[in-house]
Each structure stands twice: as C-alpha cells, then as structure tokens.
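Written out below as structure tokens is the structure these notes cover.
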Amino acid sequence: MVDSRYLLGWGFFFLGCLLLYKGLSPPEYIESDASKLIPPLLAVKEDGPVEKRGMSKEGRLEIGDREQLDVRLSKSLPQRVTESENYVSVQKAKDSVEYERLGCGLFIESKMDYLDSMQPRHKVVQKLIQVCASSCAGQGYSFFGHTTAEERCWCMDEDTGEASLSYESNERMCEPCGSSDLECKKSKKRFTSVFHITSEVPETVVIYIAPAKRTSSMFNTGRFDKFLSGRFAYRRKPLNAVLFKSEEKFKNMFCTKKKKIFVQVVGAVVYLLNHWPSNSLLIMTADEVGNWGLGKGDRRYGPHGKGREFETNETSEFKHIVLPQEIYPMFRQYYHYRQIGAFGPNRIRFVPLGSRAEFPDVNTENTVPSSQRKYLYNYMVSLTDATRRVVHDILKKDNDTRVENKFIHVADGWHGSANNDEYVKPERYEQVMSQSVFTICPKGHSVEQFRIYEAIESGSIPVLSLNGDYLSKHLPPEYIESPMLLVDTWDKVVEQMTTLVRNPAAIDQKQQELLTWYENYMRAKANEIEDELITRSQQPQTQFCRS
C-alpha cells in the first residue's frame, strides 16, 4: 500500500513544476509586418514612450522610458569585425553615434537573409552595443538590433519589409530561445533589443562584389575604406547569380535611386552589361594581360564579334568591343596601354589592385623606419615569368649582402592558395616585408601585382625595372613619378639598393615620402570614384530601367 505522505509529496512537486513553467513561459507577442511597423517607430513623444499603432488591443504598447545614449567610439575598438571571411566596415563618420532603445523585436530567422544587415552576419568582438551602433551607422542603416547573450547584431533600413517584428516591455523577450520556448524553437525565431539611430546617417552606396575574393580584395577586405571621403556609407553584398535568372527581380532590385558599384570579374559580366541599371558604376577585375574587350587578327577577347552579345569596332586598331555609352566611364584593374588606346582615358579609368585578402592587416602607426630594418631586400615570388628567373639568377650571385640581411624564397609555379606549402605563409610574408628596406617586384603576367601594395603597406620600398618604356606602358604615370625605386635594368639592382641604405636619413625620408604618396594617391582614386557616382545620379535612367 502506498504511503499517503508519499503521494502528497509528489503532488506538491508536480504543482511546483507547473507554476514554475507558467512563470518562465514567454509573454505573448504580436507579430506585425515590418513595412507597417517601422515607420511608426519614428513617432517618438517628447516625454513618453514610442507609439506602436496596431500593436495591441489598445492600439499602443508601452515599452518604458526611452533610453537616449551618446556613444563615444574608443580608439581601442576594433575597426574590422570578421567571421567566416565576411567583413563589416566600422566607419567613424562622426566622433559619436546617438541612438535610442525602442524595445524588443522578434526576428523570424528564415527571413533574416533578406535583411541587408545579414550580409555579412557577424559576431561582435567586444560585448558593446556601441560596436553595433557604429557599424550600422557606418553602413547607412537607421535601425539595429543587438542580442547580448549571442553576441550578435543586425542592421535594418527603416523601409525594409522583410522581417516580422514585435515589441514587449519584458526584457525576457530579448533573451535567445531556451529549451522551454517551444514556439520559438519551432519557428526559428530570435529575440533582440531594437534601437533607432538618431544621429544623421550618410547616404548609402552598395558595393556588389562578384565571387572572386583575390582580385576583389581591395573591396572585400574594406582596406579601401580608410581612403574614402566620408560622404557616403558603404555596404558590401555578394552579387548572387540567382538574381540574373529573373529580369523582373533584377530590375526591381537594381533600378533604384540608391548608388551602386559593381565589382565584376571579366568572365561574368555579360548579363550586367546587357541590363545596365541606373546610378551604377562598373569596376572590372581579373584581366591581368589587358585583353578583355579587345581583338587581334580574327580573335576577339570578351563577348563581342560575330555571333556574340556585342559588336566590334572593326575600324579601330584594337578591334574593341562596342558598349552602351551609359556604361562609361568604367573602371578597371591592371593598367594597360592598349585599353587606354582603345577606349580613351575618359572612358577607361584605373583602379589599383591593393593588397590580397590573405595578406594580414598592417598597423601603419608601427612602421619600422627603413634604417632600422633587418633585411636589405626580400625576394618572394613564383618563377612564372622569364624576368623573375633572370632576377633570381642575379640575386644568387649577390655575395656582398650577408645571408642574414636578405630573404629569398622562390616557388617553381603559381598556386591558387596563399597557404600552399611552396609559398611563404601570409603571416611570415608580412613579417619579412615589415623588416625589409626593399621588396623586389619583377613582372609576372602583369607588371601590376599585389606585391607592390603589400610592400608599401608594410613600409617596404618596391623595386621595379623601367626596361625601356615597358613599365610606362603597363603602369599609370603616377607610379613612374612615385618614390618607388625604379631601376633601368635588373643587373645593377643590388648595387643601387646598397648605395641608398648607406645614408640612413635619406632612406628613411624616401620611405616616408612613399607612404605619403600612397595615402594621397589612394585618396585621389577614392574621390574619383565617388565623384563619378555623384555624376551618375544626375543622369537620366538607363535604357534598361526605362523599359
């Protein structure tokens, strides 16, 4: 026979569990379409909470006192936040970013990928709402959400309609899904504190980047950001090939007033050229030998010629492609005299390669003066060109420079991965450059190479050969006039480097002049791009967007 006290004890236990479950269960929430919800969020009373029309039976949902914060960005805050090779730009357009807390939002995870902020999704390095605020404001967003428990933040435009949101005063709503939140787990929903950025947010420019991480490195890494004027906020998005499968979807997404930059690989540009949207600028990458859009004999490089998408100007010496005028001027990497000759300097503009994505970020404030560096020179290349083999032979005969004062490492062939066993690993590569007075840069498939920019960013002086007029045909005039070391031929390169380092003050001055030149040149290029964006916004819609 069962003891009654035993049954009574179990009864109280189950009753307690039931009460505990009721106490812990999340409060009810009201879902609302974000396109209807977010505009009312701007209706803030001077001495009360934000009104949310249609959010409750009374037509208003109290969320408590508004929280107005002045966020001071510390110099110690990270300027780059990364996860899974994605990049979020934290741009300091102002010394402070102001925002107010609106309440708690419920995000449906299945719709998150449609939010601009979810490219990229990132983990906040420091648990500071300031990082979210500065990141979102720096990208031109007006709203952001932050979940402390998961260390995540999301940015939102005020006109987005891609997420269902709700607001509650109970902070319990801002916690992530727990084991008891069955409805939350079932529908994959996330709770987040939602904030409105009250500081002035700059106009947005969206950079759509083709999936070519290396040739698009300058834009993927965000290293170009420090040279921008601050007139605009920039966002990076992948250029999804799925969009090209529907002309209507492509038009709805890109025929807008928002300014756009398309960073496109030459082999994947045809659809875009045929459907050129308004307020857009094209940057072409990955054409090392400068052939795209040109012709030689009966051969045509790119989508032009008989049976192809575009016609060829057969009367031109360069047999170049004929594109709609509204696409010009377009920008391209890898300067080449044939491109300038075919299209003219007003229709083809040059954009530097910059350093590779695999190259570590360099703190230029800690640049070691040239006179205090360990290595006279470094030579880290793949022997993919006859010139590089000639230079290697010259350096092997250098018996005047001590072994410990030079760094030579060559690979027999080119490899797609910077971490290939035949290469110097990126971290070590950067360390060597940061301790080298000179970096020897003979041409490969192109004279322009990532190595030039990686050397300058490391405070190492690039060494190139003029080789008659060859260099001036394959690099812009500004490079020929720069403080880089340009030798007539490679056979006297060691002698010239050795002579220069004998005067410590002079070599340190040359290093500083190079760093100043690079800063000014990159800023001028950034301004050139932004000025063209402004010009494009003042022009009529393109033919594709008008149709």
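Since the structure is predicted, the reported quantities are computational estimates derived from the model, not experimental observations. Just so you know, these numbers use all the heavy atoms, side chains as well, and skip hydrogens, waters and symmetry mates.
- Partners of Asn419 under the side chain to side chain contact (heavy atoms under 4.5 Å, CB included) rule, at least two apart in sequence or in another chain, are Ser417, Lys425, Pro426.
- Side chain of Arg332 to backbone of Val351: no donor-acceptor contact under 3.5 angstrom is found.
- Nearest heavy atoms, Gln339 versus Gly290: NE2-O, 2.9 Å.
- At a cut-off of 3.5 Å, with distance as the only test, no side-chain donor of Arg214 or Asn220 sits close to an acceptor on the other residue.
- The shortest heavy-atom contact between Glu311 and His304 is O-CB, 3.6 Å.
- Of all heavy-atom pairs between Tyr335 and Pro477, the closest is OH-CD, 4.2 Å.
- Between the side chains of Gln539 and Thr535, no donor N or O sits under 3.5 Å from an acceptor N or O.
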Report task. Mind running salt bridge (charged side-chain N to carboxylate O under 4.0 Å, His left out) on Arg536 and Asp531 for me, showing each step along the way? Result -> CA-CA 9 Å; Arg536 295 286 175 100; Asp531 288 346; over 6 Å; no

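- Salt bridge status for Arg389 with Asp385: absent, with no side-chain N to carboxylate O gap under 4.0 Å.
- Shortest non-hydrogen contact noted between Lys260 and Ser280 is CE-OG, 3.0 Å.
- The closest side-chain donor-acceptor pair between Glu358 and Tyr429, if any, does not fall under 3.5 angstrom.
- Judged purely by distance below 3.5 Å, without hydrogens or angles, the side chains of Thr516 and Gln512 never pair a donor atom with an acceptor atom.
- Note on residues 445-469: no pairs pass ring pair (Phe, Tyr, Trp, His ring centres under 6.0 Å), not counting sequence neighbours.
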Hey, mind stepping through Glu454 and Arg451 against salt bridge (charged side-chain N to carboxylate O under 4.0 Å, His left out) and telling me if it holds? CA-CA 5 Å; Glu454 292 160 355; Arg451 187 174 291 101; 6.0 Å; no

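- When only modelled atom types and interatomic distance are considered, Thr364 and Asn366 share no side-chain donor-acceptor pair under 3.5 Å.
- The closest side-chain heavy-atom distance from Val206 to Ile261 is not below 4.5 Å.
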Legend entry - Test log, rule salt bridge (charged side-chain N to carboxylate O under 4.0 Å, His left out), inputs Arg300 and Glu314: CA-CA 11 Å; Arg300 301 293 177 263; Glu314 298 291 351; 3.0 Å; yes

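- A side-chain donor from one of Arg223 and Ser355 sits under 3.5 Å from a side-chain acceptor of the other.
- In this structure, a donor-acceptor pair under 3.5 Å is present between the side chains of Tyr423 and Ser382.
- Checked by atom type and distance alone, the side chain of Asp287 pairs as donor or acceptor with a backbone atom of Trp292 at under 3.5 Å.
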